[in-house]
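Side-chain atoms are counted along with the backbone in the values below, which use heavy atoms only and exclude waters and symmetry mates.
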Amino acid sequence: MMIRYICGFLVFHSTWILAFQPDVVEYDGHLSIKLQHAFDQVQEPQFFDRGTISIQSIRTGAVTVQQSPLTIEDKKKLKAVAEKDGIYRLRAFVRGLDGKETSFLTFVRACSLAESHLSDILTVSLDHTGSVIAVSMSTSPAICEGRHVTQEDLRQFNTTVFVKHMEQGPVPDTAAYIQKLEKEREARERGETKDNRSFLAKYWMYIVPVVIFVVLSGAANPDGGAGAGGGGAGR
């Protein structure tokens, strides 16, 4: 009966896992992402248009990126923020497959973006339905090395876009496990299961009490044998 309950639970658990596993080959579509950035180091900075990303196929990850060069004023702002070890903010407006628009905010250290000469990486994460759940920005290297940067180094963004699908987790082989449990149960019922344990491993619960009894009996009467011998000699 217990095995049946266990098997029933495993079947239910396996079905639950399979129902929520993504299958990236079953959906496809187009996504449009509008990018805005800000250099102000205030709580509510002012954002300006940076460009657009068009994901032509979320299945294959084919993308096209259109971005305008930084203006002279933007270059000055980025250099000033980098020298103060400030942050560079990026806001992404994503128009999904259903036409709904969602915004995501990400940031990097301004010095890392400047020292990479505007080479950044955008990762667009999708859930099992193909909807965007996160847009994150990074640079390579991510740390600031204090290299000198000129305005000529900040001409144009060189952006790499990765479309990341939700990864499928491991699915337990429930059928094989259930068959194993059933075979073990049937073998026990037929008496075919062999116990390969040693003699001590099998009967230790009987041997230990006997040993303890013998030890305690000897400790309770340590001079019993010597007393009896002395009495006989007295006669």
Side-chain angles (χ1 to χ4, degrees), residues 22 24 29-97 99-167:
V24 298
H30 174 274
L31 291 175
S32 178
I33 303 177
K34 180 180 179 181
L35 302 178
Q36 293 183 340
H37 56 184
F39 306 94
D40 300 334
Q41 303 300 291
V42 295
Q43 187 174 1
E44 296 183 0
Q46 185 177 3
F47 285 86
F48 299 92
D49 292 338
R50 167 175 156 173
T52 58
I53 296 175
S54 178
I55 302 178
Q56 302 168 353
S57 172
I58 59 178
R59 176 186 296 173
T60 63
V63 299
T64 57
V65 183
Q66 296 181 346
Q67 299 182 101
S68 302
L70 285 181
T71 64
I72 297 177
E73 187 65 24
D74 289 341
K75 293 179 182 180
K76 292 180 180 179
K77 290 180 179 179
L78 180 58
K79 285 195 62 179
V81 174
E83 292 173 356
K84 297 178 181 179
D85 196 21
I87 61 174
Y88 168 85
R89 293 179 175 89
L90 181 69
R91 186 165 60 184
F93 292 93
V94 181
R95 186 172 297 278
L97 304 177
K100 182 180 178 180
E101 190 174 73
T102 308
S103 63
F104 300 92
L105 183 64
T106 182
F107 65 90
V108 295
R109 296 176 65 183
C111 55
S112 66
L113 180 61
E115 293 182 14
S116 68
H117 298 177
L118 302 184
S119 295
D120 58 352
I121 302 170
L122 294 183
T123 302
V124 181
S125 301
L126 308 177
D127 64 6
H128 64 282
T129 66
S131 301
V132 179
I133 57 176
V135 177
S136 59
M137 177 185 180
S138 61
T139 59
S140 181
I143 60 175
C144 300
E145 301 177 351
R147 291 181 295 177
H148 177 69
V149 178
T150 65
Q151 290 192 16
E152 293 298 322
D153 298 326
L154 307 177
R155 294 182 178 179
Q156 180 70 44
F157 283 102
N158 180 24
T159 303
T160 302
V161 180
F162 290 106
V163 179
K164 185 177 181 181
H165 300 274
M166 181 178 291
E167 297 180 358

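Remark: the backbone N or O of Ala62 is not paired with any side-chain donor or acceptor of Ser57 at under 3.5 angstrom. Of the possible donor and acceptor atoms, none in the side chain of Ser131 sits under 3.5 Å from a partner among the backbone N and O of Asp127.
The side-chain heavy atoms of Asp85 and Arg109, taken from C-beta on, include a pair separated by under 4.5 Å. Two residues are said to be in side-chain contact when any heavy atoms from C-beta on lie closer than 4.5 Å; Leu118 and Leu78 meet this criterion. Using a 4.5 Å cut-off on side-chain heavy atoms (C-beta onward), Arg50 and Thr159 make contact. Thr160 has its side chain out of reach of Leu122: every pair of non-hydrogen atoms, C-beta onward, lies at least 4.5 Å apart. The side-chain heavy atoms of Thr64 and Ile53, taken from C-beta on, include no pair separated by under 4.5 Å. Residues Glu115 and Thr139 have side chains not in contact (no heavy-atom distance under 4.5 Å, counting atoms from C-beta outward). Using a 4.5 Å heavy-atom cutoff, the side chains of Lys100 and Arg95 are not in contact. For the pair Leu31/Ile58, a side-chain contact is recorded, criterion being any heavy-atom separation below 4.5 Å from C-beta on.
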message = Val108 vs Asp120, test: side-chain contact (heavy atoms from CB on, under 4.5 Å). Steps then yes/no.
response = CA-CA 10 Å; Val108 295; Asp120 58 352; over 6 Å; no
query = After noting the C-alpha distance and the side-chain angles of Val149 and Leu154, does the key distance pass the side-chain contact (heavy atoms from CB on, under 4.5 Å) rule?
reply = CA-CA 8 Å; Val149 178; Leu154 307 177; 3.9 Å; yes
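Of all the heavy atoms in Thr106 and Val135, the pair that sits closest is CB-O, 3.7 Å. In this structure, Ala110 and Val81 approach most closely via the heavy-atom pair CB-CG1, 3.5 Å. Taking every heavy atom of both residues into account, Cys144 and Ser112 meet most closely at SG-N, 3.2 Å. The shortest heavy-atom contact between His148 and Asp153 is O-OD2, 4.3 Å.
Between atom NZ of residue Lys76 and atom CG of residue Asp74 there is a gap of 11.0 Å, rounded to the nearest 0.5 Å. If you take CZ on Phe48 and CG on Leu70, they are separated by 12.5 Å, rounding to the nearest 0.5 Å. From Ser32, atom OG reaches atom CZ of Phe93 across 12.0 Å, with rounding to the nearest 0.5 Å. Atom CZ of Phe162 is separated from atom CD1 of Ile121 by 6.0 Å, given to the nearest 0.5 angstrom. Rounded to the nearest 0.5 angstrom, Leu126 CG and Arg59 CZ are separated by 13.0 Å.
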Please table the atom pairs, donor to acceptor, closer than 3.5 Å between any side-chain atom in residues 33-42 and protein atoms at least two apart or in another chain.
{"unit_1": "Gln36", "atom_1": "OE1", "unit_2": "Arg91", "atom_2": "NE", "d": "3.4"}
{"unit_1": "Gln36", "atom_1": "OE1", "unit_2": "Arg91", "atom_2": "NH2", "d": "2.8"}
{"unit_1": "Gln36", "atom_1": "NE2", "unit_2": "Asp49", "atom_2": "OD1", "d": "3.0"}
{"unit_1": "His37", "atom_1": "ND1", "unit_2": "Tyr88", "atom_2": "OH", "d": "2.7"}
{"unit_1": "Asp40", "atom_1": "OD2", "unit_2": "Gln46", "atom_2": "N", "d": "3.4"}
{"unit_1": "Gln41", "atom_1": "OE1", "unit_2": "Ile87", "atom_2": "N", "d": "3.0"}
{"unit_1": "Gln41", "atom_1": "NE2", "unit_2": "Phe39", "atom_2": "O", "d": "3.0"}
{"unit_1": "Gln41", "atom_1": "NE2", "unit_2": "Ile87", "atom_2": "O", "d": "2.8"}

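Considering only residues two or more places apart in sequence or on other chains, Glu152 meets the salt bridge (charged side-chain N to carboxylate O under 4.0 Å, His left out) condition with Arg155. Listed by chain and number, the residues in a salt bridge (charged side-chain N to carboxylate O under 4.0 Å, His left out) with Arg89 amount to none (sequence neighbours excluded). Judged as a side-chain hydrogen bond (donor to acceptor under 3.5 Å, both in side chains), and not counting sequence neighbours, Thr123 has no contacts. Not counting sequence neighbours, Phe104 has no partner by the ring pair (Phe, Tyr, Trp, His ring centres under 6.0 Å) test.
When the shell of 6.0 Å around CD of Gln66 is examined, it contains 12 or fewer heavy atoms from other residues, nucleotides or ligands. Within 6.0 Å of atom CD in Glu44, 12 or fewer heavy atoms from other residues, nucleotides or ligands are found, so the atom counts as exposed in its surroundings. Counting non-hydrogen atoms of neighbouring residues, nucleotides and ligands closer than 6.0 angstrom, the CZ atom of Phe107 reaches no more than 12 such neighbours.
Residue pairs meeting the ring pair (Phe, Tyr, Trp, His ring centres under 6.0 Å) criterion with at least one partner in residues 108-127, sequence neighbours excluded, do not occur; the list is empty.
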